Amino acid sequence: MHLSMVGTGYVGLVTGVCLSSVGNDVYCLDVDEKKIAKLNRGECPIYEPGLEELMHHNTKAGRLHFTTNAAEAHKNADMIFICVGTPSDERGHTDLKYIFTAADDVADMLKSLGPNQKPKVIVVKSTVPVGTSLAVKQRIRDRVGPNIPFEVANNPEFLKEGAAVDDFNKPDRVVVGVENEVAAARMRDLYDPFVRNGHPIYVMDILSSEMVKYASNNFLATKISFINEMANLCEAYGADIAKVREGMCADRRIGNQFLYPGLGYGGSCFPKDTLACIMMGDKAGIEARLSKAVHEVNQRQRDRFWDKIVAHFGGKVGIGGGPTGLQGKKIAFWGVAFKPKTDDIREAPALTLIRKALGHGASASAFDPVANENARAELGPSVSVVDDMYAALDGAHALVVSTDWDEFKSPDFEQVKKRMGGKVVIFDGRNLYKPSAMKEMGFSYYSVGRAAVKAG
Ligand SMILES: NC(=O)c1ccc[n+]([C@@H]2O[C@H](COP(=O)([O-])OP(=O)(O)OC[C@H]3O[C@@H](n4cnc5c(N)ncnc54)[C@H](O)[C@@H]3O)[C@@H](O)[C@H]2O)c1
């Protein structure tokens with residue numbers, strides 16, 4: 001098939017690369033000229049395991065192309081995938097301006113091809129509030145008039161950053177929303193190579209398909225806020241969340257996935273998708289109370305963790321603030337990405353904590369295995385972003401572990417001690433270390449849902 005992706009970000013690029021891998025001819029379109037120039041030089045603009053190799057393989061085979069020219073991308077396309085961003089606006093509502101601009105561009109191109117074209121299927125792949133794909137259809141219809149044939153479908157994406165290529169190639173399920181059998185058949189043909197392992201393609205109406213994505217992300221976000229709430233209760237009553245988690249997760253109805261306490265969720269999806277459910281509820285007069293609580297617990301989790309840092313340095317914790325004792329202190333951060341195996345720092349808890357530290361007169365250093373470039377671009381010269389995890393610790397008064405990258409799991413603690421001038425204070429936002437081991441080494445150690453260790 002001939003395909004085009006509108007938006008060559010995490011979703012558009014991975015989708016384009018993986019669909020070209022099975023023999024489709026794919027054009028990836030973006031308005032960002034620098035990104036397309038980079039891709040045309042053979043450089044992958046994001047870090048995603050396995051993506052760059054696959055990208056080279058398919059561009060070399062002549063079936064993967066990158067362009068800023070919409071007409072070139074779409075003219076021969078059987079299917080056009082809209083993969084642009086759908087961020088929250090300042091009110092927490094989903095901002096659909098990129099979706100509608102993309103729809104207008106597609107409409108103009110359809111119109112220029114005239115009424116005698118084979119109907120293209122316009123697939124909304126971005127995560128969109130329920131009703132948006134049909135609004136896209138109406139918008140295109142209004143722009144092209146009654147005689148230009150086209151179909152609209154919805155196809156939410158479930159890939160996880162850090163494992164995106166694997167997730168796309170071996171999906172747990174493919175969800176497709178359609179209005180008729182023509183679009184359904186095309187979607188089934190497209191995804192057939194990816195579901196030969198027996199995983200299902202669920203074909204349903206467009207509204208339900210849009211909702212599947214929000215229901216899934218909101219459920220996962222709920223699990224994270226739930227375990228964080230339990231961790232906070234553990235702290236208050238002297239229980240250990242690690243043991244509680246073990247005991248609780250042995251129940252097969254509960255399971256052990258996505259139930260890790262920490263700094264709360266970040267990234268470009270869970271925060272905005274939870275807000276989108278709240279907004280959809282408000283619009284319909286059905287208050288999404290659970291989503292509101294999930295969001296609130298998540299935001300507070302960062303504040304609670306920050307309070308531990310403030311309390312350690314003798315500052316006043318809580319509403320109203322007051323001196324935090326951080327003036328002149330240096331805080332080192334291990335991990336800036338919102339989770340391991342990605343360079344995505346959108347809504348990363350580390351950014352919140354780094355900004356709080358700077359705002360309270362501390363200096364900050366940071367190291368991330370792959371997100372350093374993005375961290376430098378986001379934070380500017382106010383933070384010393386270094387290329388060696390131990391160098392970040394030079395002269396630091398405390399280390400904050402903010403992302404659970406593998407290389408942080410068993411560090412050389414002698415080196416840590418040396419770099420921190422003998423007095424080690426660790427705020428572990430990912431519960432990577434054993435409190436007993438920290439105690440033995442004479443460190444001060446704070447984690448989530450477990451008793452703090454205070455060096456004498
Ligand atoms: N990132 C994820 O892990 C993930 C997973 C599942 C679903 N999603 C959803 O997929 C959508 C895209 O997310 P993303 O993370 O890939 O976004 P992104 O910000 O990485 O990429 C979006 C791209 O679209 C481009 N763009 C914007 N307007 C355009 C236009 N009119 N024409 C061409 N290009 C245009 C931007 O320049 C950008 O490169 C969102 O709705 C998101 O919620 C994301």
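When a ligand or atom number is given, it counts from 1 through the structure's own listing order. The chain is numbered in sequence order, starting from 1. None of the values given here were measured: they were computed from a predicted structure.
In terms of N/O distances under 3.5 Å, ligand 1 is approached by Glu161. Polar contact check, Lys35 against ligand 1: a nitrogen or oxygen pair lies under 3.5 Å apart. The shortest N or O to N or O distance between Tyr98 and ligand 1 is not under 3.5 Å.
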Which pairs of donor and acceptor atoms, one on a side chain in residues 277-293, lie under 3.5 Å apart (sequence neighbours left out)?
unit_1 : atom_1 : unit_2 : atom_2 : d
Glu287 : OE2    : Lys292 : NZ     : 3.1
Ser291 : OG     : Asn218 : ND2    : 2.7

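Ligand 1 places these atoms under 4.0 Å from at least one heavy atom of Val6: 32 (N), 33 (C). Shown in contact with Gly7 at under 4.0 Å from a heavy atom are these atoms of ligand 1, numbered in order with element: 23 (C), 24 (O), 25 (C), 33 (C), 34 (N).
Of all the heavy atoms in Arg450 and Tyr433, the pair that sits closest is NH2-O, 2.8 Å.
The number of heavy atoms from other shown groups lying within 6.0 Å of CD (Glu373) does not exceed 12. At most 12 non-hydrogen atoms from other residues, nucleotides or ligands lie less than 6.0 angstrom from NZ of Lys434.
Remark: minimum distance from atom 19 (O) of ligand 1 to any protein heavy atom is reached at Arg346 NH1, 3.2 Å. When only non-hydrogen protein atoms are considered, atom 21 (O) of ligand 1 lies nearest to Gly9 CA, 3.2 Å. Of the protein's heavy atoms, Thr86 OG1, 3.5 Å lies nearest to atom 40 (C) of ligand 1. Taking atom 43 (O) of ligand 1 as the reference point, the nearest protein heavy-atom neighbour is Lys272 NZ, 2.6 Å. Scanning all protein heavy atoms for the shortest distance to atom 26 (N) of ligand 1 gives Val84 CG1, 3.7 Å. Looking at atom 10 (O) of ligand 1, its nearest protein heavy atom turns out to be Val11 CG2, 3.4 Å. Regarding atom 36 (C) of ligand 1, its nearest protein heavy-atom neighbour is Asp30 OD1, 3.5 Å. Here the protein heavy atom with the shortest distance to atom 22 (C) of ligand 1 is Gly85 N, 3.7 Å.
Classified by interplanar angle (parallel below 30°, tilted 30° to 60°, perpendicular above 60°), the ring pair Phe408/Phe367 is perpendicular. Ring pair Phe427/Tyr446 is parallel by interplanar angle, where below 30° counts as parallel and above 60° as perpendicular.
Using a 3.5 Å distance cut-off with no hydrogens or angles, the side chains of His74 and Ser4 do pair a donor with an acceptor. Between Asn298 and Ser225, the side chains place no donor N or O within less than 3.5 Å of an acceptor N or O (distance only, hydrogens not considered).
Counting heavy atoms closer than 4.0 Å to ligand 1, residue Ser268 contributes side-chain atoms (C-beta onward) but none from N, CA, C or O. Counting heavy atoms under 4.0 Å from ligand 1, residue Leu159 touches it through both backbone and side chain. Only the backbone of Cys83 comes within contact range of ligand 1, with a heavy atom under 4.0 Å; no side-chain atom does.
Summarising the contacts of atom 6 (C) of ligand 1 with Lys160, Met5, Glu157, the nearest heavy atom is found in Glu157.
Judged by the 6.0 Å and 45° rule, Arg173 forms a cation-pi pair with Phe158. A cation-pi contact links Arg245 to Tyr260, judged by a cut-off of 6.0 Å to the six-membered ring centre and 45° from its axis.
Considering Thr222, Val244, Leu259 in turn, Leu259 is the only one that fulfils the side-chain contact (heavy atoms from CB on, under 4.5 Å) rule with Ile227.
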